[in-house]
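All remarks here apply to the structure that follows.
By convention in this document, chain letters (A, B, ...) are assigned in the order of the sequence lines, proteins followed by strands, and residues within each chain are numbered from 1.
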Protein chains: 2
Amino acid sequence: MNVEERIKTSEEIPLERRTIIHIMLVANGINEKLAIALKPFDISIQQFNVLRILRGQNGKPANLSTLNKRMVSKMSNTTRLVDKLILKGYVERHTCPSNRRKVEINITSKGLDRLLKMDDVVSKTETEMLDQFSEHELKQLNLLLNQFKS
Amino acid sequence: MNVEERIKTSEEIPLERRTIIHIMLVANGINEKLAIALKPFDISIQQFNVLRILRGQNGKPANLSTLNKRMVSKMSNTTRLVDKLILKGYVERHTCPSNRRKVEINITSKGLDRLLKMDDVVSKTETEMLDQFSEHELKQLNLLLNQFKS
DNA sequence: CAATTACATTTGTATATACAAATATTGTAA
DNA sequence: TTACAATATTTGTATATACAAATGTAATTG
């Protein structure tokens, strides 16, 4: 993808700005592709992400602040995100017995089951997007990305 | 920024998935930083982007589909985005005389004036985010990003 | 132990976004 | 020239997100 072509500009873009725009374009593309892949499951990327985190807990319940810390894109409202997953029967929420301010969130077996199927299409999509890259290039890209100031 | 640390995982992430997550984290960081920079102007990144496109038109009016084509993140509703800018007095909208299905959108002098001030903080933010990079590295990063399938 | 502070989550409000349907206008073809 | 298709935008609806305020619970301190 050529940046100038994509945003239809004839003017030359300074290298720094071009880099920022480039990253944003690629990230939007990734989002779009993943959203399409997950569409048949009627689930958003964020919801998928939460399910994956919960699975990674290996049965150990997570609370909202844990989820927030581990999410790729920080949500300002994890409560409502979890609400949606409960409605779908993919997670359960209980008040934490040791600290009733907290909630314990677990993935259900139904959630685990669906997640397994989502994994397939997501992995396939990820591989498709990156099949132009050699392993060395992927490593190089990760190293460069590390230099961004967070 | 270390990916594993940021998403608090102890498990090893496959290189492809790690790359995708890395890009998303960096893009979210960019978004956040730009949003903060633009906050004093009470304007969203998308709105800022539209103003920049309109300025690039050099007086030539743009219609909605032109804006859509040139925007970094495709909006599904440019109408309402332009509505907001009109409310702020930054743009004007008129029905296109040659084709009354279209609208002609122009940036106002007030919009141009504000945009000039926004440019400063945005450029500063962009430079801050990238000051770890040499010119060679930026070029290298752009080349790698080009390999993403769009 | 009452008051205060800190913590964890929920709720309210405004705006953003995705998608589909509706509206208005223009072009075209029988 | 009427009917139909194509184009360009707007509107409706549902969900997502950002931010601030509210709620409920726990810990601390005088």
Side-chain angles (χ1 to χ4, degrees), chain A residues 24 27-50 61-88 90-106, chain B residues 24 27-50 61-88 90-106:
Chain A
M24 298 314 290
N28 289 335
I30 293 173
N31 248 317
E32 206 172 309
K33 278 209 172 3
L34 288 179
I36 289 170
L38 288 172
K39 187 129 209 207
F41 298 94
D42 193 35
I43 202 164
S44 70
I45 299 172
Q46 300 291 356
Q47 288 176 16
F48 171 72
N49 194 216
V50 168
N63 53 45
L64 286 180
S65 41
T66 307
L67 287 182
N68 251 322
K69 277 195 205 93
R70 300 195 50 188
M71 272 194 270
V72 175
S73 34
K74 299 282 182 190
M75 285 263 310
S76 62
N77 204 328
T78 315
T79 301
R80 284 182 275 227
L81 185 57
V82 170
D83 286 345
K84 301 284 161 61
L85 290 171
I86 290 173
L87 275 176
K88 289 169 184 164
Y90 296 163
V91 309
E92 285 174 343
R93 173 171 48 195
H94 303 288
T95 315
C96 176
S98 65
N99 186 341
R100 288 175 43 223
R101 285 174 297 190
K102 295 191 183 182
V103 290
E104 287 183 341
I105 299 154
N106 282 289
Chain B
M24 299 313 292
N28 289 335
I30 292 172
N31 247 317
E32 206 173 310
K33 279 208 169 11
L34 288 179
I36 290 169
L38 288 172
K39 186 126 209 206
F41 297 95
D42 194 32
I43 202 164
S44 71
I45 298 170
Q46 302 289 358
Q47 290 176 15
F48 171 71
N49 194 217
V50 167
N63 53 43
L64 285 181
S65 39
T66 307
L67 286 182
N68 251 322
K69 279 194 204 92
R70 301 195 49 187
M71 272 195 269
V72 175
S73 35
K74 299 281 179 187
M75 283 264 310
S76 61
N77 205 328
T78 316
T79 301
R80 284 182 274 229
L81 185 58
V82 170
D83 287 344
K84 300 284 160 64
L85 290 171
I86 291 172
L87 274 176
K88 288 169 186 165
Y90 297 163
V91 310
E92 283 173 344
R93 173 171 47 195
H94 303 288
T95 315
C96 176
S98 66
N99 185 342
R100 287 173 44 222
R101 285 173 298 190
K102 296 190 182 182
V103 291
E104 287 183 342
I105 298 153
N106 283 289

Distance, rounded to the nearest Å, where B/L38 contributes CG and C/dT15 contributes C1': 16 Å
Sugar-phosphate only, base, or nothing, as touched by B/S65 at under 4.0 Å among non-hydrogen atoms: sugar-phosphate
Among D/dT25, C/dA16, C/dA18, the nucleotide that comes nearest once only the side chain of B/S44 is considered: C/dA16
Value in whole Å for how far the P atom of C/dA14 lies from NZ of B/K84: 12 Å
Closest to the B/K39 side chain, choosing from D/dC19, C/dT25, D/dT9: D/dC19
Short side-chain N/O contact from A/Q47 to OP1 or OP2 of D/dT15, under 4.0 Å: no
Atom pair distance, as rounded to whole Å: CD1 in B/I36 and P in D/dA18: 11 Å
Sugar-phosphate, base or nothing in reach of A/E104, heavy atoms under 4.0 Å: nothing
Sugar-phosphate, base or nothing in reach of B/E32, heavy atoms under 4.0 Å: nothing
Phosphate OP1/OP2 of D/dT10: any B/R93 side-chain N/O under 4.0 Å: yes
Heavy-atom closest contact (B/N63 atom, B/I105 atom, distance): C-CD1, 4.3 Å
Spacing between B/L81 atom CG and C/dA14 atom P, to the nearest angstrom: 19 Å
Side chain of B/N77 (C-beta onward), nearest among C/dC19, D/dA8, D/dT25: C/dC19
Closest contact, heavy atoms only, B/S73 versus A/N28: CB-ND2, 3.2 Å
Rounded distance (Å) that lies between atom P of D/dT17 and atom CD1 of A/I45: 9 Å
Pairwise 5' ranking along DNA chain C for B/S73 and A/R80, keeping only the more 5' one: A/R80
Rounded distance (nearest 0.5 Å) linking atom CZ of A/R93 with atom CG of A/D83: 4.5 Å
A/L34 side, atom CG; A/S44 side, atom OG - distance, nearest 0.5 Å: 11.5 Å
Residue closer to the 5' end of DNA chain C, B/R101 versus A/T78 (nearest nucleotide): A/T78
Given D/dC19, D/dT9, C/dA18, the nucleotide with the shortest approach to the side chain of B/N63: D/dT9
Interatomic distance where CZ belongs to A/F48 and C1' belongs to D/dA16 [whole Å]: 18 Å
d(CG, B/L67; P, D/dT10) in whole Å: 11 Å
Side chain to side chain donor-acceptor pair (under 3.5 Å) contacts in which one or both residues fall within residues 96-105 of chain A, not counting sequence neighbours: A/N99-A/R101
Nucleotide C/dA18, atom P - distance to CD of B/Q46 in whole Å: 9 Å
